[in-house]
Amino acid sequence: MRTKEYLAHQRDDIYYYTHVKKAIRELYPLRDDKTRTEIYFNRHLFADARKRVVENFVPREEEVDPAIALPVRLEMLHAMKGDDSFIYAYNIIAEGRNEFCDFATMKICEPKEEDPYALQEMKEVYENAREEWQEAVEAIIHCLFEHFNIQLTEECLAKKNELWELFKEFYMSYCKPYIIKNQIEELRMILARKELEIAMWEAKADDLKKQLDGKTRETGNGGMTVMEITLTFYYLFNELGLNFSNSDKTQWARFIHKLTGKSYQHIRGVLSIDFDRKSTLKNLRNVAALFKKLFPLIEQKIVNDMEPVS
């Protein structure tokens with residue numbers, strides 16, 4: 001329920017109706033501006049908080065009495081609960097946010113989430129509608145002046161301004177809400193699509209990062225490739241009497257995977273060693289160099305395996 005409708009329907013149940021209505025009426029043109037809304041609250045509606053910190057407290061003009069400031073804010077909170085166009089004002093009351101004292105002690109309830117896209121759209125619609133309001137009001141007033149003998153006294157000008165404010169409220173309350181609602185829904189759909197696209201791109205980025213990390217782990221910074229590591233274990237196991245004839249390659253892959261953290265599938269694939277491939281010969285040279293100092297006999301076996309079969 002919109003705030004104005006709440007005030008109209010619940011008037012008899014609002015104890016401080018005059019104060020609540022005045023504050024909400026004055027907040028109407030500020031509701032899309034967070035800073036100006038906060039300034040208004042600090043100026044008019046937080047006398048109780050100000051009184052806590054000001055030694056010689058003196059009420060300001062049009063400031064709500066500190067004795068009733070809290071219940072007035074509570075009744076405003078109920079009035080604004082179903083109207084997100086007052087979300088800044090609602091959250092200020094909910095959090096007890098003011099410039100005078102620690103608002104944590106004045107917190108009433110959890111604030112609403114401030115959707116920046118919906119709020120920006122509301123602000124743009126509000127700004128764009130001003131010219132339409134001005135044209136409509138000027139046309140009506142011009143019609144009145146043309147058909148009736150109205151003198152432009154100070155009282156008349158004051159009435160004109162009052163009429164202008166009434167038309168603004170009527171236009172925003174009854175002519176624009178459905179447009180704003182539809183546009184907000186459309187923005188939310190666009191936002192949802194954008195969030196989905198972002199999630200998809202983030203997933204792709206994660207996959208690429210994992211692939212890159214995996215490649216980095218496999219090649220390392222000057223370390224051995226998976227093929228070179230597998231060949232190293234091949235010759236070490238052979239020295240221990242273990243070969244492909246008396247053992248299972250699957251167990252080899254699991255052992256090397258657990259010990260090195262390299263990809264099990266990759267290790268299992270390269271265990272089908274083709275000694276005639278050029279890439280295998282290159283890897284054998286690197287592995288032979290590794291064994292040269294500590295295990296020269298193993299190095300010699302590798303060199304022999306590198307020789308072409310005559």
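From a predicted model like this one, the values you see are computed outputs, not experimental measurements.
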Hey, can you tell me if [X] and [Y] have their rings parallel, tilted or perpendicular (30° and 60° cut-offs)?
{"X": "H257", "Y": "Y264", "result": "perpendicular"}
{"X": "F295", "Y": "F291", "result": "perpendicular"}
{"X": "F86", "Y": "Y28", "result": "perpendicular"}

task: Please indicate whether K21 has more than 12 foreign heavy atoms, meaning atoms of other residues, nucleotides or ligands, lying under 6.0 Å from its NZ.
output: no
- request: Decide whether Q300 and N304 meet the rule of one side-chain donor and one side-chain acceptor closer than 3.5 Å.
  value: yes
query: Judged by modelled atom types alone, do D305 and Y235 share a side-chain donor-acceptor pair under 3.5 Å?
result: yes
Nearest heavy-atom neighbours spanning [X] and [Y]:
{"X": "R43", "Y": "E61", "value": "NH2-O, 2.9 Å"}
{"X": "A69", "Y": "A47", "value": "CB-N, 4.4 Å"}
{"X": "R97", "Y": "N91", "value": "NH1-O, 3.9 Å"}
{"X": "Y40", "Y": "A23", "value": "OH-CA, 3.4 Å"}
{"X": "M80", "Y": "T3", "value": "CA-OG1, 3.8 Å"}

query: What residue among V287, T260, N286 forms side-chain contact (heavy atoms from CB on, under 4.5 Å) with M224?
result: V287
Proximity of F233 and F237 rings by center, below 6.0 Å: yes
